[in-house]
Amino acid sequence: MSNEDEFYDAVTGLDSDESYEGVSEASFKDALVFDGSGQKNNGTVPQENGIKKHRTSLPAPMFSRNTISIWSILKKCIGLELSKITMPIVFNEPLSFLQRITEYMEHTYLINRACSMSDSIERMQAVAAFAVSAVASQWDRTGKPFNPLLGETYELTREEQGFRLVSEQVSHHPPVSAFHAESLVGDFVFHGSIYPKLKFWGKSVEAEPKGTITLELLKYNEAYTWSNPYCCVHNIILGKLWIEQYGTVEIINHSTGDKCVLNFKPCGMFGKELHKVEGYIQDKSKKKHCVIYGKWTECMWSVDPQAYEHTQVFRQGREELDRAENDEADDMPEVQETVSVVPGSTLLWRIESRPAHSATMYNFTNFAMSLNELEAGLEAVIAPTDCRFRPDIRAMENGNMDEASKEKERLEEKQRAARKERAKNEEEWSTRWFQQGSNPFTGSQDWIYSGGYFSRNYQDLPDIY
């Protein structure tokens, strides 16, 4: 039947940073103290052999959307930006967009691999694989994350993966989410600010990527920047929802001049190009060193350019058909070929299998399942603005849709009242953990982490919940 909107497309507990070297003062001047006092564990799995186990399911399965129609809401919005449109809560998933951003970190091992490689082209291969893997969790994720409230935060520390992250909603109109992640041993810093611009096109909703993503490999004094591809959810009004990502992603190494160009291909006629990614890595002299290919839903490979060209079958007739206008373009493609591996290729990344019950739990990955769990002792540690404390998300996660809807409405009204009060008093909103500035590598507008979050001084934070 009917369905929905968008892609509004990252628990803690660690160490003092004073022993880390090679990282900016703002990044590693914070200290963290973990309180292990007993709290309700919200489904957390106990540690085993010293490795923390995270929950692998949600407290309740998702609510069926099949009986809900949103045409009455969207029919007047064709071609418009959707950030100000209120959607029924049934079309959400029980995560904030700040948590959705955190899913970039699911495959952090690829960054660690890049840090271990001495050759810049091999490092670029690992970074390219990470850039693709960072959007892989969107596969079949047709639920809309909750729009973060102004001042909302989220933090995540994963000792077993070697990183910690903090994010903040730094602007409400337009909605901008800033994040900063760093290696626990000082190998990398990963940061950015995201403003996904959403438009409704009649049968689909398109998310236009806004904002720059930056990865710094501190050992090599290298910085890589890129922006995410477009994302589109099809069959919003009628039929089976399905997702494609498309557009060109350029990853630039600002230190060496190396560049990776990745083409996320649109579906095309008969679904022949669905989910495919193809590109290349070149050095500063524009010499191509390798071809990168695969699917963002499956795997990515690297191979010598000549070997790749020799295996390609060029079908001019099919290419002309792909360029033709297709009235049935929003239909879910039936043809979904797996990746044909070129002899001599090297595997860069393969997606992990989702849990067997994923389809009844918003198509979450194992990583996503754990993002909203409130672990024992965590409540006394994290900032009171952390979205784990949002009552609407918690109610939805627990299967109480009526309470979730009421709480969402209450929080939004509280946010509007606070904005009116600031206007009345001629007060400007002040961000706490990020400051607006210029990206040091691209010169574009960005939000830069100002440090201090993990010092755990949370006095004077706004009461947003």
Side-chain angles (χ1 to χ4, degrees), residues 1-9 11 39-44 55 57-70 72-74 82-103 140-154 167 169 172 175 177 198 205 233 236 241 357-365 368-375 378-379 382 384-418 462-465:
M1 299 291 290
S2 60
N3 279 355
E4 79 92 59
D5 151 303
E6 81 92 298
F7 263 76
Y8 200 43
D9 221 356
V11 167
Q39 299 285 341
K40 182 179 179 182
N41 67 12
N42 197 40
T44 302
R55 73 179 187 186
S57 65
L58 301 179
M62 65 186 290
F63 185 85
S64 174
R65 300 166 181 161
N66 289 339
T67 60
I68 308 297
S69 173
I70 63 168
S72 60
I73 298 172
L74 294 180
L82 293 181
S83 64
K84 297 182 180 181
I85 304 299
T86 299
M87 301 295 297
I89 200 169
V90 70
F91 295 108
N92 283 70
E93 63 178 21
L95 290 177
S96 167
F97 183 61
L98 296 182
Q99 293 165 313
R100 189 70 170 261
I101 288 175
T102 306
E103 294 185 58
D140 279 349
R141 292 280 290 282
T142 55
K144 177 186 183 299
F146 282 71
N147 294 346
L149 301 169
L150 186 61
E152 183 175 311
T153 62
Y154 183 71
S167 57
Q169 189 70 5
H172 184 60
S177 306
L198 310 175
V205 171
V233 182
I236 297 301
L241 291 171
H357 52 276
S358 176
T360 64
M361 294 188 173
Y362 307 92
N363 289 308
F364 280 6
T365 64
M369 294 280 190
S370 68
L371 292 179
N372 202 48
E373 66 178 322
L374 197 54
E375 299 169 342
L378 193 61
E379 187 173 350
I382 61 180
T385 50
D386 194 287
C387 47
R388 293 180 187 85
F389 295 129
R390 278 189 64 157
D392 51 353
I393 295 179
R394 186 64 62 192
M396 184 179 188
E397 182 184 81
N398 290 330
N400 193 333
M401 301 300 290
D402 289 340
E403 180 183 351
S405 184
K406 291 176 183 177
E407 286 293 341
K408 180 174 179 286
E409 184 177 349
R410 180 185 66 82
L411 292 176
E412 291 171 348
E413 180 55 40
K414 184 174 182 176
Q415 180 171 240
R416 285 190 288 268
D463 176 14
I464 61 176
Y465 303 140

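Bear in mind the structure is a predicted one, so any value in this text is a computation, not a measurement. For the single chain, residues carry numbers from 1 onward in sequence order.
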* Note, Arg394 side chain near Asn398 side chain (heavy atom, < 4.5 Å) -> yes
* Structure fact -> For Lys406, the side chain to side chain donor-acceptor pair (under 3.5 Å) test, sequence neighbours excluded, returns none
* To do: With rounding to the nearest 0.5 Å, note down the distance linking CG in Leu371 to OG1 in Thr365.
  => 7.0 Å
* Asked: So, does Ser167 use its side chain to make a donor-acceptor pair with the main chain of Thr153 at under 3.5 Å?
  -> no
* Mark yes or no for whether Tyr362, through its side chain, and Leu95, through its backbone, hold a donor-acceptor pair below 3.5 Å. => no
* Check: Asn92 and Ile393 side chains under 4.5 Å, non-hydrogen atoms -> no
* **By side chain to side chain donor-acceptor pair (under 3.5 Å) - contacts of Asn363 (at least two apart)** => none
* Asked: Is the side chain of Glu413 donor-acceptor paired with the backbone N or O of Arg410 at a distance under 3.5 Å, no angle test?
  -> no
* To do: Starting at CE of Met369, measure out to CE of Met361 and round the result to the nearest 0.5 Å.
  => 6.0 Å
* To do: May I ask you to test the Ile464-Leu150 pair for a side-chain heavy-atom distance under 4.5 Å?
  => no
* To do: Any chance you could lay out the side-chain contact (heavy atoms from CB on, under 4.5 Å) test for Asn147 and Gln169, step after step, and finish with the verdict?
  => CA-CA 9 Å; Asn147 294 346; Gln169 189 70 5; over 6 Å; no
* To do: Apply salt bridge (Lys or Arg N to Asp or Glu O under 4.0 Å) to Asp463 and list each qualifying residue two or more places apart in sequence or on a separate chain.
  => Lys414
* Determine whether the side chains of Glu152 and Thr385 contain a donor N or O and an acceptor N or O closer than 3.5 Å. => no
* Asked: Does the pair Met396 and Lys408 meet the rule for a side-chain contact (heavy atoms from CB on, under 4.5 Å), with working shown?
  -> CA-CA 10 Å; Met396 184 179 188; Lys408 180 174 179 286; over 6 Å; no
* To do: For Glu403, enumerate each residue passing the side chain to side chain donor-acceptor pair (under 3.5 Å) test, keeping only those at least two apart in sequence or located in another chain.
  => Asn400
* **Test: Arg55 and Glu397 ion pair at under 4.0 Å** => yes
